[in-house]
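To start, the structure under review is shown below, and the notes come after it.
Throughout, a chain's letter reflects where its sequence line sits, starting with A, and its residues are numbered from 1.
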Amino acid sequence: MRLRKSIFQGVDWFIVLMYLALVILGWLNIYAANYDDEKEGVISFSRENGKQLIFIGTALFLALVILILDPNFFSAFAYGIYGIVLILLVAVYFGGTEIKGSKSWFRFGEFGFQPAEFAKFATALALAKYLSGMNIRLQRLKTKIISLIIILVPFLVILKQNETGTALVYSAFAFVLYREGLSGNILLIGFFIALLAIFALLFDEWILVGILGGVALMIFLFMKKRWGNFLKILAGFLVCSGIVFGVDFAFNKLHDYQKKRVNVWLGKERDSKSKKDEYYNVHQSLVAIGSGGATGKGFLQGTQTKFKYVPEQSTDFIFCTIGEEWGFLGSATFLLIYLGLILRIFWVAEKQRSIFSRIFGYGVASILFMHLTVNVGMTLGLAPVIGIPLPFISYGGSSLWGFTIMLFIFVKLDSHRLEIFR
Amino acid sequence: MSSSNAYSDRKIVLALIVIAVVLVFIIRLFYIQIINDEYKVTATNQAFRYVPVYPARGNVFDRNGKRLVFNQSAFDLMVIPNQIKELDTLQFCSVTGISRETFLKKMEKAYKEGKRRASVFEKELSVESAARIQEKLYMFPGFYFQERTLRKYPMSIAAHILGYVGEVSPEIVDTSRYYRMGDYIGISGIEKSYEKYLRGIRGTKIIMVDVHNREKGSFMDGALDTAAVAGQDLYTTLDLDLQLYAEDLLKNKTGSIVAIEPATGEILVLATSPSYDPNLLVGSLRAQNYPVLEKDSTKPLYNRATMASYPPGSTFKILGALIGQQEGVIKPETRYPCSFTVGPKSIHCHPHPSPADLSQSIQYSCNPYYCRLFINTINKFRKTEEGYLNWKSHVNSFGFGVKLGSDIPHELRGNIPSVQYYDRYHGKGRWKAASVYSLGIGQGEIGITPLQMANYSAIIANRGYYYIPHIGKKIEGGEIDSRFKERKYTTIDSVYFNVVVDAMYQVVEAGTGRGGKLSGIPYCGKTGTAQNPHGKDHSIYISFAPKDNPKIALAVYIENGGFGAEWAVPISSLIIEKYIAGKITRPDMEKRMLEGVVLPPKKIK
């Protein structure tokens, strides 16, 4: 190993600058969302604008610590970190504080700590560690099953904590597996099932099964009349019908508020304008963003967010503040910065000589992408209301720390890219 | 290189997916932020409250700058129903001094108008009662005061000319670009005709409200607020003192007095009786007083001066004499005998030297003279119809049978019968001048309003022209309509006026108007008696003074006043004296006129 001149040697400054830009943007918008004309813009450590400053400071400290650590630390302790996080996840389920219906928080006075936010990078580390092992080939069923277990264990625990949104992010690992050789058909099938599920929720299941039967019959008529084909088509039809009924069955198992969110998203419910209604949130979010117009109302001038028309403005609906105060130009620029960050991570990951680093990099990019899609999609009325933060932007210490650690582990691994010879 | 790098092309698929999603988001943003306006409207509706700032209406003054109408502050108690929190009804009722039932009724009405909307809870509270309630208002969130201005009439005169204001009707709100519900608008009188100057311009304050409907201050520190612009002051042509005097003289009588400055067409006095106190129709009082006034059998709301039409009687002879001369039918020397017979009917006259020349005919008001003159004027033409139309066009040029176009709303045109009317009545071509001769002495189907009659007097005073009578003299920062500055010529040449003006002077000096003779003020007049089929005849007198360079032209009508000399002549002379001399030299007559009672005949039920 060569002697390093500084801990910043080899650091990808593009990623770091993007990160800093997003964190600063995030803080400005949290400041704006909490802005009160009467209190002016006082920054206080008992308010979100002050607390987030503490979180940013500590996050930067964590980033420095990661850059100081030995790059092999993460590969070596990947399973260890994964194990500790799993223990924390289980512990919080039994010993944590319940906040807004989810048991995922440890509370320390003013501050809370949410292990689920750290489980994401831990899972990415563990998956990277496993898949970069000697003689591991994703084509093998055993590999697939073990990979799935690594992903599913934290997923199920988080689901049990009632953090549906965070759990959903684990689907991001499908991208990682795809990059590492998982058949594209599996992604397609997943996409098809999702589409079928949406149809199952939109239409009566029997009508849908009837249509599926018709389609099966048509396909059979155009194929060679062989027993084999008949059986294949029959099997496909039965599986699809099973999915349709399964989705309806699963949907009925959801909480009422979740059902309502899905219905609102699908456009089945949007008459009520009561403040307790799920539609109200989406509607207010659209009103805030839509009223921003081309250039926005200006910093601290957003009436919809400042006057609390939008719920959860500094956490899940922070994008509304960006949309309202910075308009189309600002929010499109913001999305392009995000896009730039994600694509940069893909590109940097692809350059890695170490498989571990590459897989972890893809994990980082996919998780960020999933968060962006669900969070911004929700505020734009394109995705159902699922409470997950917008990484680096939303208010919250655990999420900022979690994402910072995740990103900087990758930055650290990448900075040693050239020292690895294979 | 790792073996699994065989799949390195898949990075492109993943990158494309990410790009596609971001692209979809940007398109969606473009749609909701730039193309679709619905969200901007919703945002404005929920976060902004547009609070109207009502302007003070312009003041109204008389020709000498004395106040006729001004404003006083009043406060509307407003309520926004969904902002009410834990209201102690009992306490609220005791503070505002209303009963529980009234409270519930008003709240129900407010809820009907909209839970989030501000609506008027209690209208037009005086400054004192508003101040009393204001002290306790902090206990009742959802209620607040809004300042309005109400009209105040210090002298309680000229009710019909000044008119009244009221809240704008929904029909006007629908068709107008300016008015909104809750605005005040002039409904009658000059409040209506000068509405656009008097009203001012309503301002708007944009208040931001949060999701709990709490006010969050002015939007952009009030940069987009518009201040209310106070209405423009209107100076009228009225002479407050003279108007007051005229109204006093009309007390206990039915009729009207109209006085015009001939040189300008400015209306000095426009009094009608019975009248009412204009303060009765201010603000919410109007709702309770208007029906009472409307049902009153003496019709106090009826503006006799511009709407009632009477046959002009002998005052019309002046016009006959002018037309006769213009048409060359008579000369000042022409004499007609004082007897006239049409078929079985013969027209009577009072004793006077006969045959009379033109001047004497006016001085003694000879009926046969004018019947004969009228017939000769019509028969100058071969066809009766042609002759009548010619006569009628002369009459119309004096403003009779047409609207004068003054700035008083509700001005009527009176009536000069059309050819078609007589065709219908007698049959086409089957009527002659002799059939309608009574027009010559101002009887029959003619109807003339007091305003038209006063204008007629002004025309004679001017020897042949007039300005449209009007009330508006000067608008602060505005212009009076140019039509009031335009001289209107009659069809009669001014030379023909000399003889009638001299004769009218003789009327005052030694004729039917001699009871109103004033020493030191030579003036002209002509009495008239409008036949009244329902009772005692109406007394009419037109006059102008002084004879040369007249300053005032008058028409006085006293219903059921009998001969002109009885009431109309003395009243006219008092007004002339008051206006020209500034003091009354005949206190006995003044007392008699002020205290005199002329009642309409009792109606037989």
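Of the two parts of B:Tyr31, neither the backbone nor the side chain holds a non-hydrogen atom closer than 4.5 Å to a non-hydrogen atom of chain A. Contact annotation for B:Ile34: only side-chain heavy atoms (C-beta onward) come within less than 4.5 Å of a heavy atom of chain A. When heavy atoms are compared at a cutoff of 4.5 Å, A:Phe334 does not approach chain B at all. Interface remark: A:Leu335 contributes backbone and side-chain atoms alike to the contact with chain B (heavy atom separation under 4.5 Å).
Scanning all heavy atoms of the two residues, the minimum distance from A:Ile359 to A:Ala128 falls at CG2-CA, 3.6 Å. B:Gln33 and A:Gly323 make their closest contact through NE2-O, 3.0 Å (heavy atoms, listed as atom of the first residue, atom of the second, distance).
Contact count against chain B (heavy-atom pairs under 4.5 Å) is highest for A:Ile289 among A:Thr303, A:Ile342, A:Leu343, A:Ile289. Comparing A:Thr373, A:Leu138, A:Leu286 by heavy-atom pairs within less than 4.5 Å of chain B, the highest count is held by A:Leu286. Taking chain B as the reference chain and counting heavy-atom pairs below 4.5 Å, the highest number among A:Leu187, A:Leu336, A:Leu182, A:Val310 is found for A:Leu182. Interface remark: of the candidates A:Gly296, A:Gly327, A:Ala349, A:Gly327 forms the most heavy-atom pairs closer than 4.5 Å to chain B.
Taking the ring centre of A:Tyr178 as origin, the terminal cationic atom of B:Arg10 falls inside the region bounded by 6.0 Å and 45° from the ring axis. Annotation: cation-pi pair B:Arg199/B:Tyr184 absent, no NZ/CZ under 6.0 Å from the ring centroid and within 45° of its normal.
A donor-acceptor contact closer than 3.5 angstrom links the side chains of A:Ser291 and A:Lys297. Side-chain polar atoms of A:Gln313 and A:Thr305 form no donor-acceptor pair below 3.5 angstrom. No side-chain donor from either of B:Thr96 and B:Glu122 sits under 3.5 Å from a side-chain acceptor of the other.
Within residues 12-26 of chain B, the residues having any heavy atom less than 4.5 Å from a heavy atom of chain A are, in residue-number order, B:Val13, B:Leu14, B:Ala15, B:Ile17, B:Val18, B:Ile19, B:Val21, B:Val22, B:Val24, B:Phe25, B:Ile26. Interface with chain B: from residues 364-372 of chain A, residues A:Phe369, A:Leu372 qualify, criterion being any non-hydrogen pair under 4.5 Å.
B:Glu195 and B:Arg57 are joined by a salt bridge, as a carboxylate oxygen and a charged side-chain nitrogen come within less than 4.0 angstrom of each other. No salt bridge links A:Glu324 with A:Lys306; every basic N to acidic carboxylate O contact stays at or beyond 4.0 Å.
Exactly one residue among A:Trp347, A:Phe410, A:Phe346, A:Phe175 makes a ring pair (Phe, Tyr, Trp, His ring centres under 6.0 Å) with A:Tyr362. That residue is A:Phe346.
Note: B:Phe143 and B:Phe140 have perpendicular aromatic rings, judged against thresholds of 30 and 60 degrees for the angle between ring planes.
Heavy-atom neighbours of A:Arg140 CZ from other residues, nucleotides or ligands within 6.0 Å: above the threshold of 12.
Put simply, CZ on A:Arg179 and CG on B:Asp9 are 9.0 Å apart, with the number rounded to the nearest 0.5 Å.
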